[in-house]
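Lettering of chains follows the sequences in order, A, B, ..., and the numbering in each one begins at 1.
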Amino acid sequence: MPEIRVTPLGAGQDVGRSCILVSIAGKNVMLDCGMHMGFSDDRRFPDFSYITQSGRLTDFLDCVIISHFHLDHCGALPYFSEMVGYDGPIYMTHPTQAICPILLEDYRKIAVDKKGEANFFTSQMIKDCMKKVVAVHLHQTVQVDDELEIKAYYAGHVLGAAMFQIKVGSESVVYTGDYNMTPDRHLGAAWIDKCRPNLLITESTYATTIRDSKRCRERDFLKKVHETVERGGKVLIPVFALGRAQELCILLETFWERMNLKVPIYFSTGLTEKANHYYKLFITWTNQKIRKTFVQRNMFEFKHIKAFDRAFADNPGPMVVFATPGMLHAGQSLQIFRKWAGNEKNMVIMPGYCVQGTVGHKILSGQRKLEMEGRQVLEVKMQVEYMSFSAHADAKGIMQLVGQAEPESVLLVHGEAKKMEFLKQKIEQEFRVNCYMPANGETVVLPTSPSIPGGISLGLLKREMAQGLLPEAKRPRLLHGTLIMKDSNFRLVSSEQALKELGLAEHQLRFTCRVHLHDTRKEQETAMRVYSHLKSVLKDHCVQHLPDGSVTVESILIQAAAPSEDPATKVLLVSWTYQDEELGSYLTSLLKKGLPQAPS
Amino acid sequence: MKLYCLSGHPTLPCNVLKFKSTTIMLDCGLDMTSTLNFLPLPLVQSPRLSSLPGWSLKDGNAFLDKELKECSGHVFVDSVPEFCLPETELIDLSTVDVILISNYHCMMALPYITEHTGFTGTVYATEPTVQIGRLLMEELVNFIERVPKAQSASLWKNKDVQRLLPSPLKDAVEVSTWRRCYTMQEVNSALSKIQLVGYSQKIELFGAVQVTPLSSGYALGSSNWIIQSHYEKVSYVSGSSLLTTHPQPMDQASLKNSDVLVLTGLTQIPTANPDGMVGEFCSNLALTVRNGGNVLVPCYPSGVIYDLLECLYQYIDSAGLSSVPLYFISPVANSSLEFSQIFAEWLCHNKQSKVYLPEPPFPHAELIQTNKLKHYPSIHGDFSNDFRQPCVVFTGHPSLRFGDVVHFMELWGKSSLNTVIFTEPDFSYLEALAPYQPLAMKCIYCPIDTRLNFIQVSKLLKEVQPLHVVCPEQYTQPPPAQPHRTDLAIDCQPPATSYRRAEVLTLPFKRRYEKIEIMPELADSLVPMEIKPGISLATVSAVLHTKDNKHVLQPPPRPAQPTSGKKRKRVSDDIPDCKVLKPLLSGSIPVEQFVQTLEKHGFSDIKVEDTAKGHIVLLQEAETLIQIEEDSTHIICDNDEMLRVRLRDLVLKFLQKF
């Protein structure tokens, strides 16, 4: 029995370290290759030894697909390809290919240079890894090999984020990566056609949340920022350099312009300008509005937002600072946080999801005394605000996508077990499909029953279609033919054609039955009586009385003869071929019962 | 399968393909060479043009002098310029299901088709094609609309009048169908019918046909198209290039195994080498500027201009020309330069990798930044303040009949210091210049046409080996001007089928098979038997379901349970459905073995007689006779159904069923 097997190595009932193995029709595909922000030991990378105990990964995996550039989806890639060893193709979109190595290098620097980790991947490894990348366009059907094809759809999570369809023959799986079903200030909404995959693997970060309207959240955000700077406080917004940052920058930029505010807005690290440049060059991946107006005004050229210098953090007076990284787990955002945490006038706004173990997660869960390295305890007096700006689909969005794609079953990843449970029930109720939520290392097996593709000869098809046009009978009509199987090529042809193609002659099997009738009349009259009898019984059949005195029913021939010995007996010779077996047999038994008394 | 040929212009094609149940228009080219018959539209009142004498017949009859003007021995129509549309009468265009666009030059007739023929289908094109196509249309509309002309000449089009005119007017074809330019509103409406596609995207049309655009290497987003069903494949090649300029390289491999390859859009200047022409362009430009003259480059706002700017970027410093201003004047100049930088995914590898740095893929960004290249929407406004001479001006339209180029021709034409360099291959430069004669300015012809030449085509056809090639008639014979150059024609086996405007071709291929899906339950129930090594057969009785042009074979329904005797049985219930066919039989019956089998089954008193063609087996007791021949068996018996069925089954044991 063919089957689809799915095993999450990461992101199974968890957020972070996305890495999902899929086996479909004999092909093995790895979806994403992420790292976990919450760990700095072995657990930060997926356990690749699970994939194959013996042999090389390259031999086992047909391809690797990366959905977008966030590190929890691509952070383990150089480790996987260069240190564990994988030389096969890695597919991602153009923007992902452009931005991914920069974030990887950033991550490497923090890990090695700042934390002094040994045995980490090197810059050269990132370069070598990226050489294995094949860039894909949206909607392009990429033929990985003769059987395996993949296709990217717009996901709207970050610049270049994509959902992927993996297809072999008539079996397919769709992996959403992270996606967003509502267009925001810089990206469009995720979209997929009614591709009816066997399985939809969807993220479920916000499995239980239904977010209020975007406008309200934006107004809220602006109000909080505005109030804080009005009373002289400083606002820290930890973000990732690409993605949410651009959206919030556009938001603040237009607000500052409208309100004519003079309070400085800064953006940390040199990556910003570069990041904005990527947005300008890949503007075709942003939303309709930005794309339409970019010639007149490029939304990613900010007037009010300036580069941040470390010394500015100690400047008196209000300011707004965007600093990386987004979960306050390291780097500049954490440094600034430590400086400003003690003042209740200040505010930190967390605009996205924080994984467990990060400072961001701790303060969001209400912790106000943080233990920092060196047993220092940091007291958090500043206001902590959480605003869900991260571009994940909420429960409504997930349901919407399931409705769009119409999968046969759904599998949840990239979420918390409890929330998944709720969504699983909802999906099973609403769509009447099975929904799975495997933990890491747990395998889901889905039996499939793919139909077998073949060809039908046009002659046979046309004959059938022509007859099919007749008013529909109670019973569906049966099509008869011969399936010729050569190699893996299947052709259905009419039986006559099959014989001809194989150079075989038809063998005709014919029956002639003698039916004795008591009838004193002449043969011709007997034939006439047979004709009228059959005509009255067989209304749907073609019954004919031929000039030579014989009677035909379809292609069955009935002749009347008089045996010389007995003038009162007539013999009916009923003759038919094997193809008319049923009708022939029926006729003989019918005639055997005799003819109705003719009106004299 | 039929091909309706609506355009006679080989590089601006418009064909309609009827394939299976779909009607597909391939490109929508607009022949603009018709405008060469018209007087230029000057932006600024031109005393020279307005004082041209009216044309009169040899006998002095001057009834056409309002419509026709004479300039240096040539006659021009003094009217709003008009374009030659594709045929609209050959086929009912409202039946067209989809239009496939291959590049932005081949969509210029789109508004005429989508807005005025009852077309209700979808247009497919890549994003760069649509964006740049929009710019070309916008520019065209702008050029024509900003110089309103009261006069629309029609008298000369009268067939009896046209006969009397000098050529080329006399020979102009289909003048009655020539139309004025569309409006921006029509452009917007036409473009709103376009659906964007990416290279190698498989697009299903009604489940019957799949179409796929492939990179053609000629322009940003330019594509060839594959139109295929499961068993048939038509390739449509239009405007392709194997040269490495800025677009993504041509995808040749996917064109393989085509039944029919429709070949259009080859180079219009097969004797010129584009690289050599670029060199000549640069040296002539340098020479003119050094002598204090100005250079005018009539051009389209997108395409080759990007390559020329890139060449100049590398050339001007080494040639000591870095202080010479480059002006690009077009209502869409800014948009074109901006758009060129955002289509990284559609560019050649070299340019693509620049974006990863991130740097703009084209160096004209730097030319703009350093103020070496300046762009203006028109000669009015800022340009007149910034204008410095000597300079280089890139501007349209290449036909020299409208656009800012008309102004520069009038301004610079009188001085031999200046040079006009023709790089666009779409218009004959001599005809383009005719209404400006006499002209003192130098004219250099450096046509840059990167599309396939005949050597490349021959190589390509050998490589991809289509069964049949279909192409415009111009490609099957040497150019009329060079009849001895037999190398300037397509050479392939079997010879290409040629078409001309308004012709309908029946394409030479027969469809034999259609795709079908066999449900797994049915497949499981089949019993294959091996007939020959590697070939197995199985007889199939199944229910055929057809929906959305997809055919699925499902297992036959289980025989219904006999309904318990409540209902009265009618005679007709017993009558078998004669449409339930028995399989065909094949093989032959070995008499000796057959007789042995009969004996084994309890028949005795068997007698075998030889006949001319075979044998007769007699079962004397049962008064039954079995004639056995090579290809037939005939059982003749009394009406004893039991016996007959027994004998039948014994015979069937020796035969194969189909």
Side-chain angles (χ1 to χ4, degrees), chain A residues 94 98 137-141 274 277-278 281 283-284 295 449-458 461 464 476 478-486 491-492 495-496 498-499 502 504-515 537-538 541 554 578-583 585-586 588-589 592, chain B residues 127 198-202 231 334-335 338 342 344-345 355-356 358 511-520 523 526 528 531 534-544 551 556-557 571 575-576 578 580-588 631-639 644 651 655 658:
Chain A
H94 283 272
H137 294 245
L138 277 184
H139 301 166
Q140 172 192 13
T141 302
K274 230 173 157 182
H277 210 127
Y278 280 117
L281 293 172
I283 212 137
T284 53
V295 176
S449 54
S451 57
I452 294 147
I456 182 166
S457 86
L458 220 52
L461 183 68
E464 285 303 313
L478 282 186
L479 171 146
H480 293 271
T482 303
L483 193 66
I484 305 179
M485 290 165 266
K486 193 177 167 188
R491 284 178 304 131
L492 184 66
S495 306
E496 294 89 342
L499 284 175
L502 294 163
L504 299 175
E506 191 193 335
H507 190 105
Q508 242 202 20
L509 177 56
R510 180 167 269 286
F511 306 97
T512 301
C513 263
R514 292 183 289 262
V515 181
V537 175
L538 301 169
H541 292 75
E554 305 289 343
Y578 175 63
Q579 277 66 44
D580 296 319
E581 170 72 3
E582 256 130 73
L583 189 60
S585 162
Y586 170 77
T588 50
S589 57
K592 204 174 172 180
Chain B
E127 183 166 8
Y199 289 151
S200 305
Q201 180 177 346
K202 296 176 177 174
Y231 287 93
N334 183 28
S335 300
E338 289 286 340
I342 65 158
E345 292 163 68
V355 177
Y356 291 176
R511 293 177 46 224
R512 290 215 170 78
Y513 286 97
E514 185 77 76
K515 194 187 171 184
I516 198 162
E517 301 231 319
I518 304 166
M519 295 291 285
L526 297 180
I531 295 289
I535 302 181
S536 303
L537 296 184
T539 51
V540 177
S541 291
V543 177
L544 178 70
H551 310 291
V571 191
I575 302 171
C578 69
V580 182
L581 284 175
K582 286 277 184 199
L584 293 183
L585 303 172
S586 177
S588 56
D631 290 334
S632 68
T633 302
H634 194 169
I635 300 173
I636 303 160
C637 60
D638 265 340
N639 193 0
R644 190 186 67 81
V651 168
L655 297 172
F658 286 89

Assert top hit (heavy-atom pairs under 4.5 Å, partner chain B, pool Gly481(A), Pro450(A), Pro453(A)) equals Gly481(A)
Nearest 0.5 Å, what's the CE-CD1 distance between Met485(A) and Ile535(B)? 11.0 Å
Leu138(A), Ile452(A), Ile283(A): which one forms the most heavy-atom pairs within less than 4.5 Å of chain B? Ile452(A)
For chain A, which of Ala344(B), Pro528(B), Ser200(B) has the most heavy-atom pairs under 4.5 Å? Ser200(B)
I'd like to verify something: which residue of His94(A), Glu496(A), Lys486(A) has the highest number of heavy-atom pairs under 4.5 Å with chain B? His94(A)
Among the listed options Met519(B), Glu345(B), Glu338(B), the residue most often paired with chain A at heavy-atom distances under 4.5 Å: Glu345(B)
Does any N or O in the side chain of Ser586(B) come within less than 3.5 Å of the main-chain N or O of Glu506(A), such that one atom is a donor and the other an acceptor? no
Does any heavy atom of chain A fall under 4.5 Å from the side chain of Ile342(B), the backbone, both, or neither of them? both
Any donor-acceptor pair under 3.5 Å from Tyr278(A) side chain to Tyr356(B) backbone: yes
Under 4.5 Å between any side-chain heavy atoms of Leu502(A) and Leu537(B), yes or no? yes
Heavy-atom cut-off 4.5 Å, strictly under: side chain, backbone, both or neither for Ile456(A) against chain B? both
Rounded to the nearest 0.5 Å, the CG atom of Leu538(A) sits from the CD atom of Glu554(A) at a distance of 9.0 Å
Looking at Thr633(B), Thr539(B), Leu526(B), which makes the most heavy-atom pairs under 4.5 Å with chain A? Thr633(B)
By a 4.5 Å heavy-atom criterion (distance strictly below it), what part of Glu127(B) contacts chain A: side chain, backbone, both, or neither? side chain
What is the distance from atom CD of Gln201(B) to atom OG1 of Thr141(A), rounded to the nearest 0.5 Å? 7.0 Å
Checked Lys515(B), Lys202(B), Glu514(B) vs chain A; the most non-hydrogen pairs under 4.5 Å come from Glu514(B)
Among Ser451(A), Ser589(A), Ser585(A), which has the most heavy-atom pairs under 4.5 Å with chain B? Ser451(A)
Would His480(A) and Ser495(A) satisfy side chain to side chain donor-acceptor pair (under 3.5 Å), going step by step from the backbone distance to the final call? CA-CA 8 Å; His480(A) 293 271; Ser495(A) 306; over 6 Å; no
Taking His507(A) for its side chain and Leu585(B) for its backbone only, find out whether a donor-acceptor pair lies under 3.5 Å. no
For the candidates Ile636(B), Asn334(B), Val651(B), which exhibits the highest count of non-hydrogen atom pairs separated by less than 4.5 Å from chain A? Ile636(B)
